[in-house]
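The structure under discussion appears below in the form of structure tokens.
Quick caveat: nothing in here was measured; it's all calculated off a predicted structure.
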Amino acid sequence: MAESDWDTVTVLRKKGPTAAQAKSKQAILAAQRRGEDVETSKKWAAGQNKQHSITKNTAKLDRETEELHHDRVTLEVGKVIQQGRQSKGLTQKDLATKINEKPQVIADYESGRAIPNNQVLGKIERAIGLKLRGKDVGKPIEKGPRAK
């Protein structure tokens with residue numbers, strides 16, 4: 001033990017390049033120059049939070065075309081909702097609270113941006129007392145016995 005020299009360092013093995021160094025453009029070119037087999041593959045959406053690939057067909061469906069679009073509430077129905085609500089002295093927020101919906105839902109229906117939902121339309125009809133569906137839009141709802 002007295003013969004050991006504390007100033008000399010013995011390297012048993014040399015570490016290879018780290019993963020980041022091995023993937024660098026310089027490392028790939030150097031390996032190709034040395035004649036080594038290099039396999040490169042591009043990972044699509046690597047390191048991103050994309051779980052499903054979006055194909056061209058999906059992008060086409062996303063863009064609203066004449067054939068593939070949701071029907072919206074007509075402006076006529078929106079005006080009937082607005083007039084009925086105002087005749088009862090209700091604000092959009094009051095009407096929304098009365099039918100257990102968000103005020104934005106009422107705003108969307110009145111502006112014609114909403115996709116019609118029969119459940120919501122039925123609640124609005126009962127709250128303002130005017131028909132919003134069918135051919136008698138804007139007429140008062142007849143209060144008759146309901147069939148069971």
Side-chain angles (χ1 to χ4, degrees), residues 9-148:
V9 177
T10 307
V11 177
L12 298 176
R13 63 178 152 69
K14 193 173 187 179
K15 289 185 180 179
T18 63
Q21 291 169 341
K23 292 179 188 174
S24 73
K25 187 82 171 162
Q26 288 177 330
I28 293 169
L29 290 173
Q32 286 174 337
R33 272 188 296 235
R34 287 191 301 264
E36 297 176 13
D37 290 334
V38 177
E39 181 183 337
T40 57
S41 60
K42 175 83 171 122
K43 290 185 179 178
W44 189 82
Q48 297 177 1
N49 193 16
K50 292 186 179 178
Q51 297 175 349
H52 305 290
S53 63
I54 298 174
T55 60
K56 290 179 184 175
N57 291 339
T58 310
K60 283 182 187 175
L61 286 174
D62 283 345
R63 280 186 242 113
E64 287 191 359
T65 61
E66 290 179 24
E67 309 88 41
L68 304 170
H69 73 282
H70 294 291
D71 292 328
R72 305 269 187 231
V73 175
T74 62
L75 282 174
E76 179 191 4
V77 171
K79 288 205 185 312
V80 169
I81 293 172
Q82 192 172 14
Q83 289 165 354
R85 172 179 62 79
Q86 288 170 344
S87 70
K88 296 246 181 196
L90 298 171
T91 63
Q92 286 182 346
K93 186 176 180 184
D94 294 337
L95 179 58
T97 306
K98 193 171 183 178
I99 66 167
N100 292 326
E101 292 291 341
K102 293 181 180 173
Q104 186 61 44
V105 172
I106 303 300
D108 287 345
Y109 272 87
E110 286 184 3
S111 64
R113 287 190 309 258
I115 297 168
N117 179 341
N118 277 329
Q119 204 170 12
V120 175
L121 284 171
K123 290 196 272 185
I124 296 172
E125 279 179 344
R126 287 191 297 277
I128 63 176
L130 298 173
K131 285 190 63 95
L132 302 174
R133 298 172 288 183
K135 57 186 178 219
D136 299 331
V137 174
K139 298 211 171 113
I141 297 175
E142 294 93 29
K143 305 243 181 199
R146 291 186 68 177
K148 289 187 180 180

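Annotation for Asp71 and Pro116: closest pair O-CD, 3.1 Å, computed over non-hydrogen atoms. The shortest non-hydrogen separation linking Ile99 to Ala127 is CG2-CB, 3.7 Å.
Partners of Glu110 under the side chain to side chain donor-acceptor pair (under 3.5 Å) rule, at least two apart in sequence or in another chain, are Arg85, Gln92. Remark: Thr74 engages Glu76, Val77 in a side chain to side chain contact (heavy atoms under 4.5 Å, CB included) (not counting sequence neighbours). Residues forming a salt bridge (Lys or Arg N to Asp or Glu O under 4.0 Å) with Lys98 (at least two apart in sequence, or on another chain): none. Gln119 pairs by the side chain to side chain donor-acceptor pair (under 3.5 Å) definition with nothing, not counting sequence neighbours. Scanning for side chain to side chain contact (heavy atoms under 4.5 Å, CB included) contacts around Gln32 gives Ile28, Leu29, Val38, with sequence neighbours left out. Annotation: salt bridge (Lys or Arg N to Asp or Glu O under 4.0 Å) contacts of Arg33 (sequence neighbours excluded): none. Residues satisfying the side chain to side chain contact (heavy atoms under 4.5 Å, CB included) test with Lys79, not counting sequence neighbours, are none. The side chain to side chain donor-acceptor pair (under 3.5 Å) search around Thr91 returns Asp94, not counting sequence neighbours.
Remark: Asp136 CG to Leu130 CG distance equals 11.5 Å, nearest 0.5 Å. Atoms OG1 and CD1, on Thr97 and Ile106 in that order, are 9.0 Å from each other to the nearest 0.5 Å. Atom CG of Asn117 sits about 9.5 Å away from atom CD1 of Ile124, to the nearest 0.5 Å. Separating the OG atom in Ser111 from the CD atom in Gln104 is a distance of 8.0 Å, to the nearest 0.5 Å.
Paired with Val120 under the rule side chain to side chain contact (heavy atoms under 4.5 Å, CB included), one option of Ile115, Leu132, Val105 passes, and it is Val105.
Every pair passing salt bridge (charged side-chain N to carboxylate O under 4.0 Å, His left out) that includes a residue from residues 112-133 is listed here, sequence neighbours excluded: Glu101-Lys123, Asp108-Arg113, Glu125-Arg133.
Taking the side chain as every heavy atom from C-beta outward, Tyr109 and Val80 never approach each other to under 4.5 Å.
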